[in-house]
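Encoded as structure tokens, the structure appears first; notes follow it.
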Amino acid sequence: MAVSEDAVAASLRGDAFPFERARDALLQWFDRRGRRFPWRDNPTPYRVWVSEIMLQQTTTQTALGYFERFLARFPDPEALASASEEETLALWQGLGYYRRAKALRNAAIEIMERFDGRVPERLEDLTSLDGIGRYCAGAILSFGFDLPFAILEANTTRLHSRLVALELEPTRALSQRILWRFAQNWLPAESEPRPENLCRKVNAALTDLGRLVCQPSNPLCKECPLANWCATNELGLQDRIPLLKKRATITSRVDVALWISRADVTPPDALKNAAPEDVLLIRRPEYALWAGLWDFPRFEVIDPAFKEGERWRNDPELSDRLSLFLEEEIGAPPAQYRPGARLTLFRHSVTRYRIELSLCRLQNATISVDAPVQRGLFDDVERILPSAPELFQASEPTKKVLGKPLAKEWRWVPISSLQEYPLSSTGVKIAQFIQKKAR
């Protein structure tokens, strides 16, 4: 069947779908099986908005604890807008995709400036805010304001694709037009009278049905209140619909992270008024993964010849990049800096990468770990050394590593204070490893 015929067939099925009868059956099912969440129990526009941003790329179970803590600290747009980016990221730490947290704060600032601190009630106003697209805006308007706006996310996309037997890949532009139209038809027109909470309940019920019953594989069709009207069920195409997009190729890479103490790169005569065991943290620049978070210096091993085992310790390019970073961005004395032996190994995934991350000290680093110096969170970026004030002053990097600065900022941080910084996910694990070693 040609693509255009597939689309026409699905669109016709959607137009002929008995929405009113199906909606009654759907809501009866939802009254029995619907899930309870804090943003549903108290669905203010702000709470709905925060929950929707958190639920992007995050499971509901994971988001629950973060939601409660985030709302306790930032109960409204004013509180969020007045917070620093660093504080916002600290409460987001562990959720991943940190661009979401920064966009949330940016949008809160706009809401204070443009909408007197109230989440706007118009689609065009919402989508003008940082981080809010068509789906998120529809969710805020539907769940937060009980207005008849459709939503289309992973669960409802799968459910609607099966209800109309859409034999096209759902993310295609033509498929999206069909699915958004179908999703909207579940709701009454804005001018029609409707019971209170109807829009909230219908969209929540569709989402839950897709999540609990219309599962990606082996859907529970016998438990589905819409099975009698489902074209995919009628045609027996559950294993074929929805058509899935080919998965992106997974790339393996090897990274090296550095545990660098102040004494590793500071002349001995400059340490008399400093804590030699303090650890170097860098703040990730905007163009990098984990932008805005704090992390340990890390480098990708580029040459495949050096990726096996610990051969990267002899990689001259890695040594050159490390030396350039320490000398030009941190202000360390000129030297041939190399990573030492692997202390521990972490394996993790980021987008399409599977990363093997080795943690090392600098070669020949021999600093012993003494009792950590207690200092408060986010003290001065650097304690200037009286004997060598030109060294180790935090400033904009003047040189670039692989074409771009590795760090936005950097700080020497007491080992006992590492956990107080908003760190990347692997940064948290490295900090825990260092603190355990320091005991």
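Here the structure is a predicted model, which is why all the values come from computation and not from measurement.
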Query - Residue pair C136 / W49, side-chain heavy-atom distance below 4.5 Å - result: yes

Query raised in the report: Taking side chain as C-beta onward, heavy atoms only, is P120 less than 4.5 Å from I111?
Result: yes

**Report entry** Test salt bridge (Lys or Arg N to Asp or Glu O under 4.0 Å) applied to K307 and E356, step by step
**Finding:** CA-CA 10 Å; K307 286 189 175 182; E356 182 180 276; over 6 Å; no

Please confirm whether the ring centroid of [X] lies under 6.0 Å from the ring centroid of [Y].
| X | Y | answer |
| --- | --- | --- |
| Y66 | F70 | no |
| W92 | Y97 | no |
| W39 | F143 | no |

Mark yes when over 12 heavy atoms from residues, nucleotides or ligands other than [X] sit less than 6.0 Å from its [atom1]; otherwise mark no.
| X | atom1 | result |
| --- | --- | --- |
| E192 | CD | yes |
| D239 | CG | no |
| E169 | CD | yes |
| R35 | CZ | yes |
| R211 | CZ | no |

Examine [X] relative to [Y] and say whether NZ or CZ is less than 6.0 Å from the centre of the six-membered ring and inside a 45° cone about the ring axis.
| X | Y | value |
| --- | --- | --- |
| R134 | W180 | yes |
| R361 | W259 | yes |
| R23 | F19 | no |
| R321 | F299 | no |

Report task. Could you walk me through whether V119 and L126 pass the side chain to side chain contact (heavy atoms under 4.5 Å, CB included) test, one step at a time? Result -> CA-CA 8 Å; V119 177; L126 282 169; 3.9 Å; yes

Can you measure from [atom1] ([X]) to [atom2] ([Y]) and round to the nearest 0.5 angstrom?
| X | Y | atom1 | atom2 | value |
| --- | --- | --- | --- | --- |
| R253 | Y353 | CZ | OH | 6.0 Å |
| L209 | L159 | CG | CG | 5.0 Å |
| S349 | I355 | OG | CD1 | 7.5 Å |

Report task. Going by the side chain to side chain contact (heavy atoms under 4.5 Å, CB included) test, name the single residue among L281, I282, L418 that passes it with W294. Result ->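 Per the side chain to side chain contact (heavy atoms under 4.5 Å, CB included) rule, the option paired with W294 is L281, out of L281, I282, L418.
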
Query raised in the report: Closest heavy-atom contact between G340 and C360?
Result: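 Minimum heavy-atom contact is O-SG, 3.6 Å.
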
Requested in this report: Of all the heavy-atom pairs spanning A83 and E87, show the shortest one and how long it is.
Outcome: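 For A83 and E87, the tightest heavy-atom pair comes out as CB-OE1, 3.8 Å.
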
Requested in this report: In sequence, state the C-alpha distance, the side-chain angles, and the governing distance for S161 and E167, and then conclude on side chain to side chain contact (heavy atoms under 4.5 Å, CB included).
Outcome: CA-CA 8 Å; S161 295; E167 296 189 69; over 6 Å; no

Query raised in the report: Does one side chain, of R162 or T232, offer a donor that lies under 3.5 Å from an acceptor on the other?
Result: no

Requested in this report: Answer yes if the side chains of T426 and R298 hold a donor-acceptor pair under 3.5 Å, and no otherwise.
Outcome: yes

Requested in this report: Assess whether side-chain hydrogen bond (donor to acceptor under 3.5 Å, both in side chains) is satisfied between E52 and Y135, documenting all intermediate values.
Outcome: CA-CA 9 Å; E52 291 296 336; Y135 162 74; 2.7 Å; yes

Requested in this report: For Q184 and A150, indicate whether the former's side chain and the latter's backbone hold a donor-acceptor pair under 3.5 Å.
Outcome: yes

Query raised in the report: Quick one: does R47's side chain have a donor or acceptor within less than 3.5 Å of a partner on P38's backbone?
Result: yes

Report task. Quick one: do N155 and R158 satisfy side-chain hydrogen bond (donor to acceptor under 3.5 Å, both in side chains)? Show the steps, please. Result -> CA-CA 5 Å; N155 295 311; R158 182 172 58 253; 2.9 Å; yes

Report task. Kindly indicate, with the supporting measurements, whether the criterion side chain to side chain contact (heavy atoms under 4.5 Å, CB included) is fulfilled by I178 and L166. Result -> CA-CA 9 Å; I178 293 169; L166 179 64; 4.2 Å; yes

